[in-house]
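I have placed the structure first, in the form of structure tokens, so that the comments after it can refer back to it.
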Amino acid sequence: MQHFEVVTAVAAPPDQVFAVCLDVESHTRSMSDSSERAVDGKTRGELALGDTVTFQARHLGLTWRLKARITSYDRPRSFVDEQESGPFKLWRHAHHFEPDGAGGTIMRDVVDFASPLGPVGRLVDRLLLSRYMPHLIRVRNAYLASTFA
């Protein structure tokens with residue numbers, strides 16, 4: 001299994017950042033380079049505990065679908081989304097939001113993932129996805145942070 005964390009400073013209070021991170025349209029706009037769109041489940045508005053959404057996007061030259069469920073929700077401190085079906089053997093993304101003491105937020109993304117296909121998947125994870133996935137989260141976070149600038 002691969003594990004990584006991305007920390008991002010955002011110039012807005014935690015409750016606002018939390019809401020934007022759960023907003024389906026904000027998510028798809030942040031991933032516009034991969035033509036990401038919500039195709040099933042809750043496809044508009046803010047996700048809540050138990051909600052599912054299926055995203056379709058083009059990554060690494062292939063079109064993928066990932067169905068995620070919000071499995072933990074502690075507004076405005078944290079939430080977790082986990083893959084129910086999709087390209088990964090395991091996908092768990094924990095989002096944490098802490099006040100920075102100056103009116104802003106320190107957002108921490110903690111991601112655990114594993115590809116299917118045993119040794120081949122582990123090799124793909126190590127050689128390709130261990131760099132690609134943190135890059136996607138940084139791109140997403142830069143877009144979200146820019147919405148408050």
Side-chain angles (χ1 to χ4, degrees), residues 1-60 63-101 103-117 121-122 124-126 128-148:
M1 177 171 37
Q2 295 290 309
H3 172 88
F4 68 89
E5 295 186 24
V6 174
V7 177
T8 308
V10 182
D15 58 324
Q16 290 179 15
V17 179
F18 184 94
V20 166
C21 287
L22 279 167
D23 182 75
V24 174
E25 291 99 342
S26 291
H27 179 81
T28 56
R29 282 191 300 273
S30 74
M31 294 280 97
S32 64
D33 287 349
S34 59
S35 302
E36 189 155 329
R37 59 192 180 102
V39 296
D40 197 19
K42 186 161 185 175
T43 59
R44 300 180 60 86
E46 189 175 319
L47 298 165
L49 182 63
D51 285 347
T52 63
V53 59
T54 301
F55 291 108
Q56 179 175 301
R58 189 154 180 85
H59 295 283
L60 305 170
T63 300
W64 305 91
R65 280 187 179 219
L66 184 144
K67 178 181 181 182
R69 179 177 301 276
I70 304 301
T71 59
S72 176
Y73 185 95
D74 182 17
R75 189 178 197 103
R77 291 176 207 77
S78 66
F79 70 91
V80 175
D81 63 84
E82 296 185 68
Q83 176 188 281
E84 285 199 345
S85 62
F88 294 100
K89 178 180 177 183
L90 168 88
W91 174 266
R92 183 178 190 279
H93 183 176
H95 308 252
H96 302 277
F97 309 90
E98 299 174 17
D100 68 2
T105 301
I106 300 299
M107 183 169 61
R108 188 168 52 94
D109 293 90
V110 180
V111 178
D112 295 298
F113 71 92
S115 293
L117 305 176
R122 287 191 296 276
V124 169
D125 287 349
R126 252 190 321 254
L128 180 62
L129 296 181
S130 65
R131 287 186 293 274
Y132 185 74
M133 299 313 295
H135 168 74
L136 283 180
I137 299 297
R138 285 191 294 275
V139 166
R140 174 187 163 273
N141 289 357
Y143 172 83
L144 295 175
S146 74
T147 66
F148 294 106

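Bear in mind the structure is a predicted one, so any value in this text is a computation, not a measurement.
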> Between atom CG of L47 and atom NE2 of H27, what is the distance when rounded to the nearest 0.5 Å?
Replying inline: 9.5 Å
>> I need the minimum non-hydrogen distance between M1 and L90, along with the two atoms involved.
In response: SD-CD2, 3.0 Å
> Mind checking what makes side chain to side chain donor-acceptor pair (under 3.5 Å) contact with S146, not counting sequence neighbours?
Replying inline: none
> Is there side-chain contact between M133 and V111, with heavy atoms separated by less than 4.5 Å?
Replying inline: no
> How far does CZ of R122 sit from NZ of K89, to the nearest 0.5 angstrom?
Replying inline: 7.5 Å
>> Can you tell me how far apart CZ (R69) and CG (D81) are? Round to the nearest 0.5 Å.
In response: 12.0 Å
> OG of S130 to NE2 of H135: how many Å apart, nearest 0.5 Å?
Replying inline: 13.5 Å
>> Ignoring hydrogens and geometry beyond distance, is a side-chain donor-acceptor pair present between R58 and T63 at under 3.5 Å?
In response: yes
>> How close do K42 and V53 get, counting heavy atoms only, and between which atoms?
In response: O-CG2, 3.2 Å
> Which atoms form the tightest heavy-atom contact between R126 and R131, and what is the distance?
Replying inline: O-NH1, 4.5 Å
> By ring pair (Phe, Tyr, Trp, His ring centres under 6.0 Å), which residues pair with F88, not counting sequence neighbours?
Replying inline: W91, F113
> Nearest heavy-atom pair of T28 and R37: which atoms, and what distance?
Replying inline: CG2-CA, 3.8 Å
> Taking C-beta and beyond as the side chain, do V110 and H96 meet within less than 4.5 Å on heavy atoms?
Replying inline: yes
> Side chains of V39 and R65: does their closest heavy-atom pair fall under 4.5 Å?
Replying inline: yes
> Between E36 and H59, is a side-chain contact (heavy atoms from CB on, under 4.5 Å) present by the stated rule, with each step listed?
Replying inline: CA-CA 9 Å; E36 189 155 329; H59 295 283; 4.0 Å; yes
Would you list the atom pairs, donor with acceptor, under 3.5 Å between side chains in residues 73-80 and any protein atom, with sequence neighbours excluded?
from	atom 1	to	atom 2	distance (Å)
Y73	OH	R75	NH1	2.8
D74	OD1	R77	NH1	3.1
R75	NH1	E46	OE2	2.4
R75	NH2	E46	OE2	3.2

> Between V139 and M31, does a side-chain contact (heavy atoms from CB on, under 4.5 Å) hold up when you go through it step by step?
Replying inline: CA-CA 8 Å; V139 166; M31 294 280 97; 4.2 Å; yes
> Mind checking what makes side chain to side chain donor-acceptor pair (under 3.5 Å) contact with R92, not counting sequence neighbours?
Replying inline: none
> When rounded to the nearest 0.5 angstrom, what is the spacing between CZ in F55 and OG1 in T43?
Replying inline: 9.5 Å
Please tabulate, for the side chains in residues 4-23, all donor-acceptor contacts under 3.5 angstrom to protein atoms that are two or more places apart in sequence or on a different chain.
from	atom 1	to	atom 2	distance (Å)
T8	OG1	N141	ND2	3.0
D23	OD2	E25	N	3.3
D23	OD2	S26	N	2.8
D23	OD2	S26	OG	3.1

> Which heavy atom in A38 sits nearest to a heavy atom in V24, and how many Å separate them?
Replying inline: CB-CG1, 3.6 Å
>> D33: which residues meet the side chain to side chain donor-acceptor pair (under 3.5 Å) condition with it, sequence neighbours left out?
In response: none
> Is there a donor-acceptor pair under 3.5 Å between the side chain of D125 and the backbone N or O of L128?
Replying inline: no
>> Please report the interatomic distance CZ(R108) to CD(E98), rounded to the nearest 0.5 Å.
In response: 6.0 Å
